[in-house]
Amino acid sequence: MRLGLCCLFKKEPVSFRTTTAKSLLALPRDQQFQKLSEICFDNATNLYLALETVHRLGIGAFRIMSPFFPRMTHPAVGYRLEDLPEGKNISQKLAASRSFARKNDIRLSFHPDQFVVLSSPHSQVVANSIRELEYHGMLADAVGADVINIHAGGVYGDKSQALQRLNDVLPYLSVAVRKRLTLENDDVSYTPMDLLSFCERLSIPLVYDVHHHRCNPDGLSVVQATTIAEKSWQAVGRQPYFHISSPRNGWQGGDPKPHADYIDPADFPACWLGREMTVDVEAKAKELAVTRLMAELKNRPDAPVLLKSAS
DNA sequence: GCATGTCAAGTTGTG
DNA sequence: CACAACTTGACATGC
């Protein structure tokens, strides 16, 4: 088992920059490129630093934030790497990160945000989503990430019709995106049960988020959902990818959906212990939460744990 | 310098 | 019907 960090650090001095379309639009095009070039170069440099840091901490996976190249797909200020003065150097930095991750067995992933909705009935929303996914595919190729994980999107009154639209859009995705695309159960609409047969039929691995499952249950037990999701990865010969988080105010403290700073070890499914899988830790204390959970799982009496740092 | 409001995008559920 | 929650800063602005 390996535990993963999502995007950011709490205490370690690694951070990622961004900018807004609004501020870019105040500049002439060449100055936009200059500014974007500096930000992208800094982010590429910090990605390498992030990988060195997670490796040092014994963390085995890292999720790269979607605005890694800020506003790259924006209709007005979007750009290509080749447009940027430091484009070649930026590519070299990404290649270095790719080598480092491969050499040290750090699994990389992406989780495009809520604006990527392949099941939308609005063609413009779908077109924008494809554009955004292709940006992620380009990045994934460059850094060697094997997962681009999305949600099934909205329901629009009929889940099966929505999933059919998602199905119909898949042929329009490049191989770079399609071979990495995964679906995750969410906390309001699509449960593991909803996605099970769809994922199986299309050979799309299911990223099982146990917190979402607990917020949005479907009759399946955690053990059953784990088994189903695990099979969807084994079917394509890949290591399973799951998510864990804890409710900010506990399970009795109102809305359980907001994430807590740390993971309550009691929320970590016993049936995950000792399995071959990657578990992204979605917790606001970031790397502090991952390292604390690693330590706590090691001490858990109920099952043998093989954490990456100990193996 | 420091505090505060802003930031591309979708969808759903709440107040 | 407007708005917050998903996730979360970092940046731009204004004092």
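Letters A, B, ... mirror the listed sequences (proteins, then strands); counts begin at 1.
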Going by an N to O cut-off under 4.0 Å, is there a salt bridge joining A:Asp261 and A:Lys10?
no

Going 5' to 3' on DNA chain B, which nucleotide is the first and which the last to come under 4.0 Å of a heavy atom in chain A?
B:dC7 to B:dT12

Rounded distance in Å between the P positions of C:dT7 and C:dC3:
23 Å

Between A:His74 and A:Arg131, is any pair of side-chain heavy atoms under 4.5 Å apart?
no

Please give the distance between the P atoms of B:dG5 and C:dA5 as a whole number of Å.
16 Å

Out of A:Arg107, A:Lys179, A:Arg102, which one pairs with A:Asp146 under the salt bridge (charged side-chain N to carboxylate O under 4.0 Å, His left out) rule?
A:Arg107

Nearest-Å distance once atom P is located in both C:dG9 and B:dG10
24 Å

Decide whether A:Leu8 and A:Tyr262 are clustered together by the hydrophobic rule: side chain heavy atoms of Ile, Leu, Val, Met, Phe, Trp, Tyr closer than 4.5 Å, transitively.
no

What contact category does A:Thr73 fall into here, base, sugar-phosphate, or nothing, at under 4.0 angstrom with non-hydrogen atoms?
base

Just one of A:Glu184, A:Glu282, A:Lys257 clears the side-chain hydrogen bond (donor to acceptor under 3.5 Å, both in side chains) bar with A:His212, so which one?
A:Glu184

In whole angstrom, give me the gap between the C1' atoms of C:dA4 and B:dC7.
16 Å

Should A:Leu47 and A:Met138 be counted in the same cluster of Ile, Leu, Val, Met, Phe, Trp and Tyr side chains packed under 4.5 Å apart?
yes

Please name the residue in the list A:Thr226, A:Thr191, A:Asp218 that meets the side-chain hydrogen bond (donor to acceptor under 3.5 Å, both in side chains) test with A:His213.
A:Asp218

Let me check I have this right: for DNA chain C, each base becomes ., (, ), [, ] or |, based on Watson-Crick or G-U pairs with both distances under 3.5 Å. What is the full string?
||||||..|||||||

Using the rule that two of Ile, Leu, Val, Met, Phe, Trp, Tyr join whenever any of their side-chain heavy atoms come within less than 4.5 Å, decide whether A:Leu94 and A:Tyr48 are in one cluster.
yes

Taking everything shown except A:Glu82 itself, do over 12 heavy atoms lie less than 6.0 Å from its CD?
yes

Does A:Val77 form a side-chain contact (heavy atoms from CB on, under 4.5 Å) with A:Leu36? I'd like the steps, not just the answer.
CA-CA 10 Å; A:Val77 298; A:Leu36 287 162; 5.7 Å; no

Range on DNA chain C touched by chain A, heavy atoms, distance below 4.0 Å:
C:dC6 to C:dA12

Stepwise ring-ring contact (aromatic ring centres under 6.0 Å, His included) test for A:His259 and A:His243
CA-CA 12 Å; A:His259 292 169; A:His243 290 175; 9.2 Å; no

Using the P atom on both, measure B:dG1 against C:dT8 and round to a whole Å.
31 Å

What residues from residues 7-27 of chain A pass a heavy-atom cutoff of under 4.0 Å to DNA chain C?
A:Leu8, A:Ser15, A:Phe16, A:Arg17, A:Thr18, A:Thr19, A:Ser23

Taking NZ, NE, NH1 and NH2 as the nitrogens, is one of them in A:Arg17 or A:Asp42 under 4.0 Å from a carboxylate oxygen of the other?
yes

Would you indicate what A:Pro75 reaches in the nucleic acid, counting non-hydrogen atoms under 4.0 angstrom: base, sugar-phosphate, or nothing?
base

Value for CD1 (A:Ile59) from CG (A:Leu3), rounded to nearest 0.5 Å, stands at 8.0 Å

By side chain to side chain donor-acceptor pair (under 3.5 Å), which residues pair with A:Glu230, not counting sequence neighbours?
A:Arg275

Please check if the number of heavy atoms outside A:Lys231 that lie under 6.0 Å from its NZ is greater than 12.
no

For DNA chain C, find the residues of residues 138-168 of chain A with a heavy-atom distance under 4.0 Å and give them by number; none if there aren't any.
none

Does the side-chain contact (heavy atoms from CB on, under 4.5 Å) test come out yes or no for A:Tyr208 and A:Val210, once each step is laid out?
CA-CA 6 Å; A:Tyr208 175 45; A:Val210 68; 3.5 Å; yes

